[in-house]
Amino acid sequence: MDCYFLQTEIGILEIKGNDEGLFSVLFAIDSPQNISDIIPDSLKQTVRQLQEYFDGKRESFELKLNPQGTDFQKKVWQHLRSIDFGKTKSYQQMAYELGDPKVIRAAASANGKNPISIIIPCHRVIGSDGSLTGYAGGLHRKKWLLALESPVTQGSLF
């Protein structure tokens with residue numbers, strides 16, 4: 001499996017994958033040692049598309065994904081991909097759309113175990129009251145990503 005660390009405005013992303021597809025894109029907890037400038041061939045498209053996203057030039061990703069999880073988790077992750085750029089859904093909406101409002105906790109758990117951050121946009125799921133709830137990368141990153149995708153840019157009043 002190939003690995004590459006991408007420096008972004010909100011931290012270092014650890015990207016893993018191979019010719020079978022992308023396995024994970026996660027925020028690195030520790031600063032990795034020996035970061036290489038050489039991007040493995042199997043990850044070049046991912047790195048390019050993520051850079052375009054962070055530069056505000058990409059709203060969707062065209063990558064071969066290969067996340068590892070249960071069938072239910074994969075169903076939730078696939079559903080997350082249907083949330084458009086700049087839009088959000090609540091965990092409750094997601095449960096209804098998955099066909100059973102009682103799966104809200106299981107759906108939220110699967111959302112939290114998403115191995116491919118940003119590309120599978122789990123940051124677009126919020127609380128029913130509009131609050132920012134749970135994000136494995138940290139709520140400050142979730143807020144930043146949603147602001148990046150927001151169609152409205154507002155300056156500071158103070």
Side-chain angles (χ1 to χ4, degrees), residues 1-69 73 76-91 93-94 107-158:
M1 175 152 345
D2 293 322
C3 182
Y4 182 74
F5 293 94
L6 175 63
Q7 180 67 54
T8 73
E9 292 182 50
I10 53 173
I12 298 170
L13 287 173
E14 179 183 49
I15 303 166
K16 291 183 179 177
N18 59 25
D19 292 334
E20 294 176 28
L22 189 60
F23 288 92
S24 67
V25 174
L26 299 170
F27 288 97
I29 295 170
D30 300 316
S31 290
Q33 304 298 315
N34 305 323
I35 295 179
S36 172
D37 290 334
I38 300 169
I39 303 169
D41 287 342
S42 66
L43 300 177
K44 283 183 178 177
Q45 280 285 75
T46 301
V47 170
R48 182 181 60 77
Q49 289 187 30
L50 280 166
Q51 288 171 327
E52 291 170 353
Y53 170 83
F54 283 111
D55 289 343
K57 298 176 183 170
R58 176 172 289 277
E59 295 184 1
S60 63
F61 296 90
E62 291 101 32
L63 298 165
K64 184 177 178 183
L65 305 183
N66 193 4
Q68 302 301 300
Q73 288 171 332
V76 170
W77 300 334
Q78 185 60 40
H79 184 74
L80 290 170
R81 295 189 73 199
S82 72
I83 305 172
D84 291 333
F85 181 92
K87 305 289 184 192
T88 59
K89 284 189 181 175
S90 71
Y91 289 99
Q93 283 176 289
M94 196 168 70
S109 176
N111 192 53
K113 290 182 171 92
N114 171 22
I116 304 179
S117 297
I118 302 167
I119 295 166
I120 297 177
C122 56
H123 61 278
R124 295 178 188 156
V125 182
I126 59 174
S128 294
D129 62 357
S131 63
L132 296 184
T133 59
Y135 185 62
L139 288 180
H140 65 291
R141 289 189 179 110
K142 182 173 189 165
K143 182 178 179 181
W144 191 95
L145 290 166
L146 290 173
L148 174 71
E149 296 181 5
S150 175
V152 178
T153 54
Q154 180 175 332
S156 174
L157 296 176
F158 304 100

List in chain and number order the residues that pass ring pair (Phe, Tyr, Trp, His ring centres under 6.0 Å) with Phe61, two or more places apart in sequence or in another chain; answer none if no residue qualifies.
Tyr53
How close do [X] and [Y] get, heavy atom to heavy atom, and via which atoms?
{"X": "Pro115", "Y": "Leu26", "answer": "O-CD2, 3.5 Å"}
{"X": "Tyr91", "Y": "Ala108", "answer": "CD2-CB, 3.7 Å"}
{"X": "Ile116", "Y": "Pro67", "answer": "CD1-CB, 3.9 Å"}

Please identify each residue that fulfils salt bridge (charged side-chain N to carboxylate O under 4.0 Å, His left out) with [X], with sequence neighbours left out.
{"X": "Asp41", "value": "Lys44"}
{"X": "Lys89", "value": "Glu97"}
{"X": "Arg48", "value": "Glu52"}
{"X": "Glu9", "value": "none"}

Does [Y] offer a backbone N or O that forms a donor-acceptor pair with the side chain of [X] under 3.5 Å?
{"X": "Asp55", "Y": "Lys57", "value": "no"}
{"X": "Gln93", "Y": "Ser90", "value": "yes"}
{"X": "Trp77", "Y": "Gly69", "value": "no"}
{"X": "Glu14", "Y": "Val25", "value": "no"}

Going from [atom1] on [X] to [atom2] on [Y], what distance comes out if it is rounded to the nearest 0.5 angstrom?
{"X": "Glu62", "Y": "Gln45", "atom1": "CD", "atom2": "CD", "result": "9.0 Å"}
{"X": "Asp19", "Y": "Met1", "atom1": "CG", "atom2": "CE", "result": "11.5 Å"}
{"X": "Met94", "Y": "Cys122", "atom1": "CE", "atom2": "SG", "result": "9.5 Å"}
{"X": "Gln49", "Y": "Arg58", "atom1": "CD", "atom2": "CZ", "result": "3.5 Å"}
{"X": "Leu43", "Y": "Cys3", "atom1": "CG", "atom2": "SG", "result": "8.0 Å"}

For [X], what residues pass the side chain to side chain donor-acceptor pair (under 3.5 Å) criterion, not counting sequence neighbours?
{"X": "Ser24", "answer": "none"}
{"X": "Asp84", "answer": "none"}
{"X": "Ser109", "answer": "Lys113"}
{"X": "Asn66", "answer": "Gln68"}

Can you name the residues that form a side chain to side chain contact (heavy atoms under 4.5 Å, CB included) with Thr8, not counting sequence neighbours?
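Only Leu6, Ile10, Leu13, Phe54 meet the side chain to side chain contact (heavy atoms under 4.5 Å, CB included) criterion with Thr8.
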List the residues meeting side chain to side chain contact (heavy atoms under 4.5 Å, CB included) with Glu59, not counting sequence neighbours, and say none if there are none.
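Expected list: Phe85.
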Kindly determine whether Ile39 and Thr46 satisfy side-chain contact (heavy atoms from CB on, under 4.5 Å), including the steps that lead there.
CA-CA 10 Å; Ile39 303 169; Thr46 301; over 6 Å; no
So [Y] and [X], do their side chains get closer than 4.5 Å, heavy atoms only?
{"X": "Asn18", "Y": "Phe23", "value": "yes"}
{"X": "Leu139", "Y": "Thr133", "value": "no"}
{"X": "Leu50", "Y": "Ile119", "value": "yes"}
{"X": "Tyr4", "Y": "Val47", "value": "yes"}

Can Arg141 be said to sit on top of Tyr135's aromatic six-ring, NZ or CZ under 6.0 Å from centre and within 45° of the ring axis?
no
Which residue, Val125, Thr88, Ile120, forms the side-chain contact (heavy atoms from CB on, under 4.5 Å) with Ile83?
Val125
Stepwise side-chain contact (heavy atoms from CB on, under 4.5 Å) test for Leu65 and Arg81
CA-CA 11 Å; Leu65 305 183; Arg81 295 189 73 199; 3.4 Å; yes
Does the side chain of Asp2 come under 3.5 Å of the side chain of Ser42 through a donor N or O and an acceptor N or O?
yes
In sequence, state the C-alpha distance, the side-chain angles, and the governing distance for His123 and Leu146, and then conclude on side-chain contact (heavy atoms from CB on, under 4.5 Å).
CA-CA 7 Å; His123 61 278; Leu146 290 173; 4.1 Å; yes
Sorted by first residue and then second, give each salt bridge (Lys or Arg N to Asp or Glu O under 4.0 Å) pair with at least one member in residues 114-133; sequence neighbours left out.
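Sorted pair list: Arg124-Glu149.
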Begin from the C-alpha positions of Ile12 and Phe27 and carry the test side-chain contact (heavy atoms from CB on, under 4.5 Å) through to its verdict.
CA-CA 6 Å; Ile12 298 170; Phe27 288 97; over 6 Å; no
